[in-house]
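Heads up, the thing below is written out as structure tokens.
Side-chain atoms are counted along with the backbone in the values below, which use heavy atoms only and exclude waters and symmetry mates.
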Amino acid sequence: MRVAAPGAATDAFNPFAAFSLFDYVGLWNVYESLAWLVGADVQLGLAESVEPNADGTQWTITLRDVNFHDGTRVRPEDVAYSLRTLGDPAQSPFFAQFFAGIQQDNVSVPDDYTVVVPLLFPQGDFLESIATISIIVPEGSVGGPEAVGSGPFRLDAYEAGKSMRLSRNDDYWDGPPALLDGVEVFAVTEGTARLNGLKGGELDFVAGIPPAGARAEADNDEIAILPGSIANSTAYAFAANTQLPPFNDPRTVRALKLAVDRQALVNTVLLGFGEIGNDLVGKGLPGYNDSIPQLQRDAAQARSLFEAAGVTELTIRTGEVVPGTLAAAELLVQQLAEVGVGLALDEIPADQFYADFPALFATPLQSAYWTNRPAASHASLLTGSQGGFNITGIGGEEYDGLLARLRAAVDRDERNELSAAVQEYLHEHDGMIVWGYLGDLNAGVPGLSGIIYSQGAPRFHRASLEG
């Protein structure tokens, strides 16, 4: 099966520092995780069980009897190494915050199938955290063209930024791919080019197509549009950094929130394929606080607040990082002009947008997107003063204390109550404006079925391609 996905300048098939969907398509199929998210559900992979002690300060991982592609067994030492590397900001700048609570020096291996993970503080959502990313590699490996995994496909060839070739792993622990001998993945940055490759018969599946393309091809019997659900979607956002001028003034943040016409963005940019957002990640998933009133546009109040804060000009860092982000920024220009604020676009090439990591934290306003995940997990991992990818700078004593209580809660009812409170705080104070959701919009040839998505990345081991 021939697949296309957007690539990035940093592609290297390194599971600890990957950014593009091109790499993730390969990583998710070549490697196996301890656990992974499928929609709203956590499914166990290499881990047969992941269990806490009474207060959530220590978790015990029991491994299945699984081999890597070279025939060596997946050992607890490989798990300890992978967790340690994922938790190292120098090697894993995006994922390190997911593992910041692990006492890495005290992780122990009591036997051939067990890893005991002590934590710096109680963490009730440890399983959900590692389900976000817990790819396990052989000890000492950082991936690359010679990567050895334990997933349903082997990596046969890899050329960064261009293509990779995968072949079926007949010894896959959960049963080998039944109908696919292999997968070839091509890095194609532009969404329309991916769609044209499908229409031209050069591809069988394309990840991420523009809503306009999906609308235009809706009646084309030679391709199948494969829209995802809200549970498996992308959250589209504008991110205002509350630690940087002019958004360190709460009036400016509030004015921007009130100036944005979320419904117009969904209608115009997502062309009816999306749903309106309410500035929170997690819509359609368990624990989402849908009791918070939907924030509506109020142009008059937005204008008044901008004037009071002395803001007349803004700049947004943007680019077509996922289909529609640039069009959304262009529409925001019009919406801000209606409240007396000029907006300049600083357009960054899509494959370079996330390559400049320091720029993400030094930019007052930028386009952003998130893979939809449960609200509590998103807040716990990506917000607060210790959040490693906290691009809005939301934090402070009050919020960090609330977030710490959420992280520590093991009881489900207590976690739900604290999660609702965290979402209320974010809705009121954060600079993240989640204006809409788009279920992963992909396309394939007719007869293609059985693809499983985990946080937007497709897995093909259950896929079938019928002529």
So do [Y] and [X] actually touch side chain to side chain, heavy atoms under 4.5 Å?
X: N278; Y: H427; result: yes
X: D411; Y: E417; result: no
X: L382; Y: N390; result: no
X: V116; Y: V107; result: no
X: F99; Y: I102; result: yes

Is there a donor-acceptor contact under 3.5 Å from the side chain of [X] to the main chain of [Y]?
X: N169; Y: P152; result: no
X: Y399; Y: V422; result: no
X: Q423; Y: G287; result: yes

Inset, instruction - Output all residues satisfying side chain to side chain donor-acceptor pair (under 3.5 Å) with D298, sequence neighbours left out; order by chain, then residue number. - result: none
Inset, instruction - Apply the test side-chain contact (heavy atoms from CB on, under 4.5 Å) to residues F22 and V3: give CA-CA distance (whole Å), side-chain angles for both, the deciding distance (0.1 Å), then the verdict. - result: CA-CA 9 Å; F22 167 71; V3 174; over 6 Å; no
Inset, instruction - Scan side-chain atoms only and decide if E32 and W173 contain a donor-acceptor pair under the 3.5 Å cut-off. - result: yes
Inset, instruction - Validate the cation-pi geometry between R459 and F153: distance from NZ or CZ to the six-membered ring centre under 6.0 Å, angle to the ring axis within 45°. - result: no
